[in-house]
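Throughout, a chain's letter reflects where its sequence line sits, starting with A, and its residues are numbered from 1.
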Amino acid sequence: MNLETPVEQMEKKGLASMVAAYEALSSARAGGEFSWLDDMKDEAFRHWKAEGLPTRGLERWKYTSLEALNGAVVELPDKREIGEITNPFATARFTAEIVFVDGVFHPAASRLPAVEGIRYAFLSELIDRSRKGGLASDQHELVVTMRGFFEKGETHSRSVFASLNTSFLQDALLLQVDAGKTFKDPILVRHVTGGAAKRESGFSVSSPRVLISVGRSSEFAIVEAFNSESEARWFVNSVTDILLGDAARVSYCRVQLENEDSLHIGTTRIHHSRNSYSESAQFTFGARLSREDLLIRLDAEGAEAKLSGFYFARGQQHVDNYTLVDHEVPYTTSDQIYKGILDGESRAVFNGHVRIHRNAQKSHAAQVNKNLMLSRKAEVDTRPELEIDADDVKASHGATIGQLDPEHVYYLQSRAIPKHEAVKMLARGFAQEIAFGLQNEAIRAFMSGIVAERLNGMEVGHE
Amino acid sequence: MGNLLEIKNLHASVEGKAVLKGINLEVKAGEVHAIMGPNGSGKSTLSKVIAGHPGYEVTEGSILYEINFQMKDLLALSPDERAKEGVFLAFQYPVEIPGVSNFEFLRAAFNSVCKHHGTPEMDEPSFREFLRKKMEIVNMKEDFIERAVNTGFSGGEKKRNEILQMAVLSPRLAVLDETDSGLDIDALRVVADGVNRLRSKDNAIILITHYQRLLDYIAPDYVHVLAGGRIIETGDKTLALKLEERGYDWLLQN
């Protein structure tokens, strides 16, 4: 029998400050046409309040402690004047650039040209308009789409962090691509945190939410980039849902470059349809602690998912990638490769879980995780997991953890390249396999640039 | 003219096992020396020691190398410092480096040498132009530039890549470690032509080989026979022909 009071349980689970923050919010409800959203937030609140923070007793959180969040004071960002937002990226090749600051759309820093076949909608703007005099019928339609999307996310999978995101989100982006359109040039969504909010302990919370719908037989490419404008401590809890129509194709890339005091939790859910294709890539460089969940359901025949990732951790950083691919029907394919470089006293976790359900005959699944250790004090826990209930499938998985091959270092040295440069070049080569493997050409150029810059900036010299 | 390289009483071991047991060799600029010998005689070890491989320990003797008209202790220099001073080793088994393009690799190598000598480094477009000309020497296809270093290369391509690197770095002392092994006759000709085009009165080449065949294309000034960690015979190119005909046994029996 549990003798703890609910409040004590809550404190133990570390979310007391969140509960207080949510209760304080209840005055600021959207209401009116958006009362479904209020209900959804409440429902999500009940879910995460009952569940509490995941602990290391859970299989999926075995190697990652959320101690930093446990009992931490958590606040929602103040309404504040936002100054100039800098752009650290080379964005010339992006069709559009959508900037969110602390989880809220920031039109002044965004570039949103009208593109036939792509619709953008922002939850905050829609709520605002509906209050100021009602929505036009096409806007109303977008609200319905958005709502459907939120509900779809709930049925795909539920998690404490996705629920926290739903409860605390202040805005959401809906990107809708019409059927039969091909867009090779990507759209960039930048999630910037920082600005004036500065605290000694605890976190400010940002809850970015992105909903992407790619219509039948369309092709679309998108990058979500997360970075900090200051050294302020943020807890960024992002959720992205991608919905693919029949034979739709998406190239989706996330790059996380937040400051090394921050905590980053990302959840990406990809919903496939028949013969649809997703290419998703996760690049992690920033945050003190980061956890990315990539959840893919292949529940329509011919659906194919390619997953790739690269993480670079140093100092005290902790990076955790969890991927779940569910092959639920026959003729589905998944292929994943994650690579990581660890330096300093950093830790990395890779847990890739592939489930081939009983019915999913003729499915193919491949998974590999490779780690390069630059320091003796770094640590990696890798768990490629394959669960197969069908008998006529092709599946493989594997993991490696190793150091730089001294013969490689020597080969470069024998070509006049000093040792520290040789180490950097080899580390870069190890990483670039992921960036060079990206299929969208503009994203490939963008990401290989970031990888090169990040790895060139590293300090070498640890033995 | 003075010596470019002076090896005196060189003893070296690998993993505690003595391989070189008193090598003496002098090389002048403009000369081509062939070193032949049975398997396990220490040929590759000698090349690795000259190029500074960290797995080989020199236990006795010295290697002097001319830098700015002075004989300097080559063993005191790190592998990259040796390369900057013009020492080059063409590997018997070139290493595959996925993810690093040939272009990036060659430009970094070239600019590292430039930087060392205080000459201006080359930007991307000019290096591309420079590289194209060098690629003609070894008959390399255009797509080679963007391919990862040696990754997925055939044996012949790897060897040609070694000669290309030699062309890019213009070493003063090039040691070619069994560059002919594993090559068919056409590839051998390409590699040998490349080496001949790079041969000049200012540089020296040490050819390590099992076979006389390479020496049909690259005529050596001297042929040395290495056996049991020592040079047991030195002659001109006719010695190689004799070895081809009679093997090593007649020498080893002495």
Pairs of heavy atoms under 4.5 Å with chain A: top-ranked of B:V113, B:V87, B:I97, B:V168 =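 Highest number of pairs under 4.5 Å: B:I97.
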ask   = Top residue by heavy-atom pair count (under 4.5 Å) with chain A, among B:P171, B:A148, B:P94, B:A83?
value =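 It is B:A83.
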note = One should read off an interatomic distance between A:N440 CG and A:Y252 OH, to the nearest 0.5 angstrom, of 14.5 Å
key: Euclidean distance, A:K306 NZ relative to A:T333 OG1, rounded to 0.5 Å   =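 If I round to the nearest 0.5 Å, the distance is 13.0 Å.
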Would you say the side-chain atoms of [X] and [Y] include a donor-acceptor pair closer than 3.5 Å?
X	Y	answer
A:N87	A:E97	yes
A:S280	A:Q282	no
A:Y63	A:E379	no
A:D185	A:T95	no

Give each N or O donor-acceptor pair spanning chain A and chain B at a distance under 3.5 Å, with atom names and distance to 0.1 Å, or state none.
unit_1	atom_1	unit_2	atom_2	d
A:E407	OE1	B:H53	NE2	3.2
A:E407	OE2	B:H53	NE2	2.8
A:H408	NE2	B:E96	O	3.3
A:Y410	OH	B:A51	O	3.1
A:Y410	OH	B:H53	N	3.4
A:Y411	OH	B:N150	ND2	3.3
A:Y411	OH	B:E162	OE2	2.3
A:Y411	OH	B:Q165	NE2	3.2
A:Q413	O	B:D80	N	3.4
A:Q413	NE2	B:D80	OD1	3.0
A:R415	NE	B:Q165	OE1	2.3
A:R415	NH1	B:L89	O	2.8
A:R415	NH2	B:L89	O	2.8
A:R415	NH2	B:E162	OE1	2.6
A:R415	NH2	B:Q165	OE1	3.3
A:A416	O	B:S112	OG	2.4
A:R428	NE	B:E104	OE2	3.1
A:R428	NH2	B:E104	OE2	2.2

inquiry  = By the salt bridge (Lys or Arg N to Asp or Glu O under 4.0 Å) test, which pairs, at least two apart or in different chains, include something from residues 307-321 of chain A?
reply    = A:E260-A:R314, A:R291-A:D320
Counting only heavy atoms closer than 4.5 Å, note whether [X] contacts chain A via side chain, backbone, both or neither.
X	answer
B:V149	side chain
B:L169	side chain
B:F110	neither

ask   = Any side-chain heavy atom of A:F350 sitting closer than 4.5 Å to one from A:N371?
value =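 When only atoms from C-beta onward are counted, A:N371 and A:F350 do not touch, as no gap falls below 4.5 Å.
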